[in-house]
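Everything below concerns the one structure shown next.
Proteins come first, then strands; the chains are lettered A, B, ... in the order of their sequence lines, and each starts at number 1.
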Amino acid sequence: MSSITLSPGLVYYPDYLDRPAQERLLQSLREITKAAPLFTPRMPRTGKPFSVRMTGCGRLGWVSDKAGYRYQPTHPETGAPWPAMPDQVLRAWESLGAYPYPPDACLVNFYEPAARMGMHQDKDEEAFDAPVVSLSLGDTALFRYGGLERTDPTRSVRLRSGDAIVFGGPARLIYHGVDRLMPGSSDLLPQGGRLNLTLRKVTTPL
DNA sequence: GAGTAGCA
DNA sequence: ACGC
């Protein structure tokens with residue numbers, strides 16, 4: 001499998017999932033959203049909605065509302081436990097994550113064609129020794145990444161359907177975001193858009 | 001500061 | 001740069 005190191009600890013795997021694997025993963029995500037519908041996260045304090053909608057699977061899910069960012073074991077609207085993580089997702093973690101414990105959370109972000117994600121760090125976890133593994137499905141995204149300080153210089157890379165990217169070691173806490181999608185760049189999702197899965201170890205092992 | 005607006 |  002080919003990989004490209006974008007910056008120390010940030011590794012890009014183009015075409016990690018072939019088309020049949022993407023279709024299998026998409027079918028799993030349809031089942032997940034049936035049990036755990038997409039919801040609109042909101043900014044702490046202001047309540048401003050994200051343009052991305054999200055859900056998740058696994059033991060814990062990430063939610064954001066006026067009260068703040070947090071991981072919790074239940075869906076914020078239905079109150080039900082998150083659906084189980086598909087085997088395919090666990091296998092991706094095992095092959096890309098190189099971490100001796102299974103992930104606690106798989107966040108599923110759905111980008112409509114106009115959705116964006118501002119630059120941020122993934123730092124609501126306890127286990128920063130564990131990597132974050134990201135899988136892309138659907139329309140190509142212009143992904144931007146920088147360094148550990150918000151003011152560090154940034155670069156961008158196009159993440160296409162089936163690509164994976166891993167934030168580990170010195171890149172675990174880098175700032176990153178999605179500038180925009182390239183509408184119509186993939187026919188995987190019938191109505192367009194992009195799904196991004198991020199696999200995380202949330203709590204410290206033990 | 002996981003939001004937006006606006007300008008270089 | 002803003003502002004909740």
Side-chain angles (χ1 to χ4, degrees), chain A residues 6-7 9-10 12 29 32-33 36-77 82 89 97 103-128 130-159 163-168 170-183 193-203:
Chain A
L6 299 173
S7 74
L10 185 66
Y12 170 50
L29 292 173
I32 285 166
T33 56
L38 291 167
F39 62 91
T40 300
R42 293 180 178 272
M43 285 293 285
R45 292 181 292 280
T46 65
K48 281 197 177 185
F50 289 33
S51 56
V52 167
R53 287 185 295 155
M54 63 184 307
T55 185
C57 57
R59 184 174 75 84
L60 293 171
W62 187 85
V63 303
S64 178
D65 55 26
K66 283 184 153 184
Y69 305 148
R70 63 196 176 277
Y71 282 94
Q72 64 179 45
T74 54
H75 188 281
E77 293 177 353
W82 302 99
V89 167
D104 296 313
C106 172
L107 280 52
V108 178
N109 286 325
F110 177 65
Y111 293 75
E112 294 188 69
R116 294 175 289 122
M117 180 73 79
M119 294 287 279
H120 67 280
Q121 295 172 295
D122 293 355
K123 60 177 184 186
D124 296 319
E125 303 75 25
E126 300 171 3
F128 293 143
V132 172
V133 173
S134 160
L135 303 173
S136 294
L137 291 177
D139 284 341
T140 300
L142 189 58
F143 174 81
R144 182 164 298 279
Y145 60 95
L148 299 177
E149 309 278 350
R150 194 178 276 283
T151 53
D152 286 343
T154 63
R155 299 187 57 108
S156 63
V157 62
R158 284 164 151 80
L159 296 181
D163 291 350
I165 192 165
V166 178
F167 303 74
R172 171 63 181 77
L173 290 168
I174 62 169
Y175 277 89
H176 59 282
V178 172
D179 287 347
R180 61 185 175 85
L181 299 195
M182 306 181 61
R194 170 177 185 255
L195 286 160
N196 181 65
L197 285 71
T198 56
L199 289 50
R200 303 141 186 255
K201 183 77 186 78
V202 177
T203 56

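The heavy-atom pair separating A:P76 from A:W82 by the smallest distance is CD-CH2, 3.6 Å.
A heavy-atom distance below 4.5 Å is not found between the side chains of A:Y175 and A:T151. For the pair A:L60 and A:T203, the minimum side-chain heavy-atom distance is below 4.5 Å. Side-chain contact between A:M182 and A:L142: absent, with no pair of heavy atoms (C-beta onward) separated by less than 4.5 Å.
When rounded to the nearest whole Å, the span between CZ of A:R116 and C1' of B:dG6 equals 12 Å. Note: CG (A:N109) to P (B:dG3) measures 10 Å, nearest angstrom. We find that CG of A:D179 is positioned 16 Å from P of B:dA5, with the value rounded to whole Å. The separation between A:F50 atom CZ and B:dT4 atom C1' is 13 Å, rounded to whole Å. Here C:dC4 presents its P atom at 9 Å from NZ of A:K48, a figure rounded to the nearest Å. If you take CZ of A:R45 and C1' of B:dT4, they are 16 Å apart, rounded to a whole angstrom. Remark: C1' of B:dG3 and OH of A:Y111 are 14 Å apart, rounded to the nearest angstrom. Atom CE in A:M117 sits roughly 10 Å away from atom P in B:dT4 (whole-Å rounding).
The residues A:D139 and A:R194 are annotated as not salt-bridged, no charged nitrogen and carboxylate oxygen being separated by less than 4.0 angstrom.
A cation-pi contact, defined as under 6.0 Å to the ring centre and within 45° of the axis, is absent between A:R172 and A:F128.
Across all strands shown, A:K123 has heavy atoms under 4.0 Å from sugar-phosphate atoms exclusively, and none from any base. Within 4.0 Å (heavy atoms only), A:R42 reaches no atom of the nucleic acid at all. A:D124 comes within 4.0 angstrom of a base, heavy atoms only.
The strand DNA chain B forms no stems, meaning no runs of 3 or more Watson-Crick or G-U wobble pairs with distances below 3.5 Å.
Classification of the A:F167-A:F143 ring pair by plane angle, with boundaries at 30° and 60°, yields perpendicular.
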